[in-house]
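Note on naming: letters A, B, ... go to the chains in the order of the sequence lines (proteins, then strands), and numbering restarts at 1 for each one. Quantities reported herein were computed from a predicted structural model and do not represent experimental measurements.
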There are 2 protein chains.
Amino acid sequence: MSKLYVWVNDSLISADEAQLNITDLAVQRGYGIFDFFKTIDGKPVFLEDHLDRFFRSAVLMRLHISQTRDEIRGKIIQLIEKNNISDSGVKTILTGGFSPDGFNIAEPNLVITQQGFQIPRTMSEHGVSVITHEYQRQFSNAKTLDYLQAIWLQPVLKEKKADDVLYNSNGLIRECPRANFFIVTKDDQVLTPESDMLKGVSRKQVLEISAGMYDTEARDVTMEELRNAKEAFITSTTKNILPVVQVDGRVFGDGKPGKVTRALAEKYNRMIYGS
Amino acid sequence: MSKLYVWVNDSLISADEAQLNITDLAVQRGYGIFDFFKTIDGKPVFLEDHLDRFFRSAVLMRLHISQTRDEIRGKIIQLIEKNNISDSGVKTILTGGFSPDGFNIAEPNLVITQQGFQIPRTMSEHGVSVITHEYQRQFSNAKTLDYLQAIWLQPVLKEKKADDVLYNSNGLIRECPRANFFIVTKDDQVLTPESDMLKGVSRKQVLEISAGMYDTEARDVTMEELRNAKEAFITSTTKNILPVVQVDGRVFGDGKPGKVTRALAEKYNRMIYGS
């Protein structure tokens with residue numbers, strides 16, 4: 001693999017030289033936000049939506065972005081040209097900055113990285129298995145750096161042979177650590193949570209597509225509704241629409257991706273990859 | 001101020017050169033633990049208790065410490081000798097390490113820093129004002145890097161002219177972000193929470209002292225008991241015993257530190273500073 005470049009504030013440097021002093025509030029206190037989008041054939045996908053959310057997260061977490069939106073977009077485009085990777089993920093991190101007292105927010109540090117990856121351009125025929133876990137992210141409307149719970153749960157997932165975890169709280173389903181969750185009811189109604197979770201960019205696009213094909217609603221979804229669902233799927237930048245065939249050991253139907261999930265995935269993949 | 005040294009893994013380097021690559025899981029996902037003790041006249045205070053907790057936090061958060069306890073203690077002693085600061089705080093951070101996928105724990109990075117500070121050797125006669133906030137730390141038995149809530153609340157504290165915040169959940173008081181909380185009842189009973197909070201080293205020492213002087217108990221303490229309390233104080237490495245004279249605008253007694261708080265602080269300060 002050729003050398004990758006990253007931005008650390010205004011320096012475009014080699015990834016192995018990309019460092020932050022340990023006084024940064026991310027190292028000291030886990031404080032920061034980020035966003036993440038993919039490129040397909042070298043082109044950013046839903047970049048403006050991701051920039052919207054990046055700025056929104058920063059405001060929610062009281063981080064002041066000294067660069068304008070155009071400047072950040074410009075850095076991203078420059079990075080993509082420099083690294084010249086066709087299919088990739090681009091992560092933009094904003095930390096709490098070099099805090100003199102290690103407790104109050106300083107001038108944030110901006111880090112932009114890119115990594116190549118290959119995402120299947122068609123829906124997985126196998127789907128994934130999910131377990132539920134009672135938890136609700138703090139500052140759930142912001143994409144913060146806080147993944148303590150998710151990372152801590154990784155060995156539990158391996159032990160239970162699960163691919164992902166679905167957080168739930170107060171009897172309502174919320175989100176996966178890095179993805180949104182949808183269910184399809186027995187009446188082909190498409191439902192996804194609306195509160196106390198991060199509103200994904202893929203979720204937004206899938207909601208729009210779904211609204212043109214099915215009765216679709218973003219609202220509180222109970223654990224009971226999940227148990228009675230006919231199909232389920234998750235959405236994210238790296239997973240597109242990924243069928244969920246099993247939750248907590250309960251298999252949906254015949255254990256294969258359902259027809260509503262399939263129809264939405266076909267339409268979604270056509271939209272982002274072309275026909 | 002003379003140049004300060006810090007440890008980054010096995011390198012004892014100047015603080016301004018102390019950096020971590022941005023692939024570290026603290027920068028990527030806010031993942032890590034730490035501990036913090038003070039030195040008085042160049043001597044570590046309750047070092048073994050802090051090492052106990054550092055190792056306990058690491059186990060709770062699934063972080064593997066490759067150094068032995070003796071090696072870490074040795075590095076700390078060497079750092080204190082090198083920096084030669086009489087009164088200081090020493091912070092030992094263990095991050096999730098350079099994670100190839102940015103999501104699974106790698107070989108942790110160990111960072112040890114020291115900063116000079118002056119703590120009053122006698123109890124504050126003014127005390128502090130505290131507001132309550134409904135919140136409970138995740139992984140509350142571990143001293144993680146997660147201070148999202150605490151840092152986010154800083155401007156709220158300033159606006160409300162409060163010095164600190166007391167977290168509470170399910171009607172029970174828990175802890176301040178960096179300190180434990182005690183109340184004194186009308187019958188001179190000394191109470192401090194026991195569950196869903198971090199058990200401080202200062203708290204442990206104060207509990208021992210208090211048990212020899214008053215009816216003392218570590219158990220669930222309700223918000224109602226806080227409202228009916230006669231005195232309150234917080235304990236921490238940097239605050240020792242600090243009287244709380246006001247909670248949510250309600251002033252304790254005549255607004256001056258109470259007699260039980262005063263008696264405990266005198267004994268505690270004599271223990272750590274000598275007579």
Side-chain angles (χ1 to χ4, degrees), chain A residues 6-8 13 15-34 36 60-63 89 91 93 95-96 98-105 109 111-113 115 117 135-139 142 144-156 158 177-178, chain B residues 6-8 13 15-34 36 60-63 89 91 93 95-96 98-105 109 111-113 115 117 135-139 142 144-156 158 177-178:
Chain A
V6 309
W7 282 104
V8 176
I13 52 178
D16 32 289
E17 288 160 22
Q19 306 191 101
L20 285 178
N21 189 282
I22 55 162
T23 57
D24 187 275
L25 219 46
V27 177
Q28 295 288 323
R29 303 287 180 182
Y31 205 90
I33 59 112
F34 74 106
F36 180 81
L60 285 168
M61 297 313 292
R62 313 190 194 279
L63 294 171
K91 191 167 180 179
I93 302 176
T95 70
F98 303 130
S99 173
D101 68 355
F103 209 68
N104 281 278
I105 293 167
N109 286 308
V111 172
I112 313 178
T113 64
Q115 276 201 304
F117 61 51
Y135 181 69
Q136 185 183 310
R137 287 173 50 251
Q138 56 183 332
F139 301 103
T144 72
L145 296 184
D146 170 21
Y147 282 72
L148 256 57
Q149 184 71 65
I151 288 168
W152 188 88
L153 280 171
Q154 287 305 296
V156 178
K158 280 192 192 82
R178 294 182 288 183
Chain B
V6 309
W7 283 104
V8 176
I13 52 179
D16 31 290
E17 288 160 20
Q19 305 192 99
L20 285 178
N21 189 281
I22 55 162
T23 58
D24 187 276
L25 221 46
V27 177
Q28 294 289 324
R29 304 287 179 181
Y31 204 91
I33 60 112
F34 74 105
F36 179 82
L60 286 168
M61 298 313 290
R62 311 189 195 281
L63 293 171
K91 192 168 178 176
I93 303 176
T95 70
F98 303 131
S99 174
D101 68 355
F103 209 67
N104 281 278
I105 292 167
N109 286 308
V111 173
I112 312 178
T113 64
Q115 276 200 305
F117 60 51
Y135 180 69
Q136 185 183 310
R137 288 173 51 252
Q138 55 183 333
F139 301 102
T144 73
L145 295 184
D146 171 21
Y147 282 73
L148 256 57
Q149 184 70 65
I151 289 168
W152 188 88
L153 280 171
Q154 287 305 297
V156 177
K158 281 196 190 79
R178 294 181 289 182

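Contacts of A/F34 with chain B are made by side-chain atoms alone, with heavy-atom separations under 4.5 Å and no backbone atom involved. For a residue to count as touching a neighbouring chain, one of its non-hydrogen atoms must lie under 4.5 Å from one of that chain's; by this rule B/Y31 touches chain A with backbone and side chain alike. Only the side chain of B/V111 comes within contact range of chain A, with heavy atoms under 4.5 Å apart. Neither the backbone nor the side chain of A/F98 comes within contact range of chain B; no heavy atoms are under 4.5 Å apart. With a 4.5 angstrom heavy-atom cutoff, B/I93 touches chain A only via side-chain atoms. At a 4.5 Å heavy-atom cutoff, the contact between B/L60 and chain A is made by backbone atoms alone. Using a 4.5 Å cut-off between heavy atoms, B/T113 contacts chain A through its side chain alone, with no backbone atom that close.
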- Stepwise side chain to side chain contact (heavy atoms under 4.5 Å, CB included) test for A/K158 and B/N104: CA-CA 12 Å; A/K158 280 192 192 82; B/N104 281 278; 3.6 Å; yes
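Here the straight-line distance linking atom CG of B/L153 with atom CZ of A/R62 works out to 7.5 Å at 0.5 Å rounding. Rounding to the nearest 0.5 Å places CD1 of B/I22 at 9.0 Å from NZ of A/K91.
Among B/P155, B/G96, B/G32, the residue making the largest number of heavy-atom pairs under 4.5 Å with chain A is B/P155.
In this structure, B/Y147 and A/F103 have perpendicular ring planes: the angle between them is above 60°, well past the 30° mark.
The side-chain heavy atoms of A/L148 and B/M61, taken from C-beta on, include a pair separated by under 4.5 Å.
Formation of a donor-acceptor pair under 3.5 Å by the B/D16 side chain with backbone atoms of A/N21 is not found in this model.
Taking every heavy atom of both residues into account, A/Q138 and B/D146 meet most closely at NE2-OD2, 2.8 Å. A pairwise comparison of heavy atoms in A/L145 and B/V27 identifies CD1-O, 3.3 Å as the closest pair. Closest heavy-atom contact between B/R29 and A/I151: CB-CD1, 3.4 Å.
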